[in-house]
Trainee: 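Questions regarding the structure given below will be posed in turn.
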Amino acid sequence: QVQLVESGGGLVQAGGSLRLSCAASGRTFSTYIMGWFRQAPGKEREFVAGISWSGDNTYYADSVKGRFTISRDNAKNTVYLQMNSLKPEDTAVYFCAAGRRHTISVVTAMYDYWGQGTQVTVSS
């Protein structure tokens, strides 16, 4: 069992930055792939970024590539999402997720555990 708690969301102006954190419980954190997803009002939850067990492999949605960076610290059981050059269209609730699999997936059903989410609002 893994419990995930996101933090770091807030209100920021367009062009600004935020760093999201996701703290995980459990001793097997390093064996899970981790992902960040987001959900805007009236829209489906969408993949943002994913990272492998070791952190050596990452994958990003085209909409955030070059602006967002996912990383993890297995010693601290934490995954991060550094978000730069934020745009109003990045406004959403951001969720972290953990998956018991070997490869990064963009599909929500491939993840086994989810956090409660943190709100990110980007004003124009």
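Keep in mind that the numbers below use all heavy atoms, side chains included, and drop hydrogens, waters and symmetry copies.
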Trainee: So is Arg72 actually on top of Tyr32's ring, under 6.0 Å and inside 45° of the axis?
Mentor: no
Trainee: If hydrophobic clusters are built by linking Ile, Leu, Val, Met, Phe, Trp and Tyr wherever their side-chain heavy atoms come under 4.5 Å apart, do Phe95 and Val106 end up in the same one?
Mentor: yes
Trainee: Do Ser25 side-chain atoms and Gln3 backbone N/O form a donor-acceptor pair below 3.5 Å?
Mentor: yes
Trainee: Taking Thr91 for its side chain and Val122 for its backbone only, find out whether a donor-acceptor pair lies under 3.5 Å.
Mentor: yes
Trainee: Look up atom CZ in Arg45 and atom CZ in Arg38, then write down how far apart they are to the nearest 0.5 Å.
Mentor: 13.0 Å
Trainee: Which atom pairs, donor and acceptor, lie under 3.5 Å between side-chain atoms of residues 9-24 and protein residues at least two apart or in another chain?
Mentor:
unit_1: Ser17; atom_1: OG; unit_2: Asn84; atom_2: OD1; d: 2.9

Trainee: If we ignore hydrogens and angles and just use 3.5 Å, is the side chain of Asp112 paired with the main-chain N or O of Arg100 as donor and acceptor?
Mentor: yes
Trainee: Grouping I, L, V, M, F, W and Y whenever their side-chain heavy atoms are under 4.5 Å apart, do Val107 and Trp114 come out in a common cluster?
Mentor: yes
Trainee: Using a strict 4.0 Å threshold on nitrogen-to-oxygen distance, state whether Asp90 and Lys87 make a salt bridge.
Mentor: no
Trainee: Measuring from Ile104:CD1 to Tyr59:OH, what's the distance to the nearest 0.5 Å?
Mentor: 9.5 Å
Trainee: When the ring planes of Tyr94 and Phe68 are compared, do they come out parallel, tilted or perpendicular, using 30° and 60° as the limits?
Mentor: tilted
Trainee: So, does Gln116 use its side chain to make a donor-acceptor pair with the main chain of Glu6 at under 3.5 Å?
Mentor: no
Trainee: Kindly check if the number of other-residue, nucleotide or ligand heavy atoms within 6.0 Å of NZ (Lys43) is above 12?
Mentor: no
Trainee: When you group the ILVMFWY residues by side-chain heavy-atom contacts below 4.5 Å and let the links chain together, are Trp36 and Leu86 in the same group?
Mentor: yes
Trainee: Do side-chain atoms of Trp53 reach the backbone of Ser30 as a donor and acceptor pair under 3.5 angstrom?
Mentor: no
Trainee: Kindly compute the distance separating CG (Asn57) from CD1 (Ile70), expressed to the nearest 0.5 Å.
Mentor: 11.5 Å
Trainee: Quick check for you: to the nearest 0.5 Å, what is the distance between Tyr111 atom OH and Phe47 atom CZ?
Mentor: 5.5 Å
Trainee: CD1/Ile51 to SG/Cys96 distance, rounded to the nearest 0.5 angstrom?
Mentor: 12.5 Å
Trainee: Should Met34 and Leu4 count as side-chain neighbours, where that means a heavy-atom distance under 4.5 Å?
Mentor: yes
Trainee: Asp73: what forms a salt bridge (Lys or Arg N to Asp or Glu O under 4.0 Å) with it, not counting sequence neighbours?
Mentor: none
Trainee: Quick check: do Arg67 and Tyr60 have side-chain heavy atoms less than 4.5 Å from each other?
Mentor: no
Trainee: What is the minimum heavy-atom distance between Phe37 and Ser105, and which atoms define it?
Mentor: CZ-O, 4.4 Å
Trainee: Testing the basics here: between Thr103 and Ile33, what is the closest heavy-atom pair and its distance to 0.1 Å?
Mentor: O-CD1, 3.3 Å
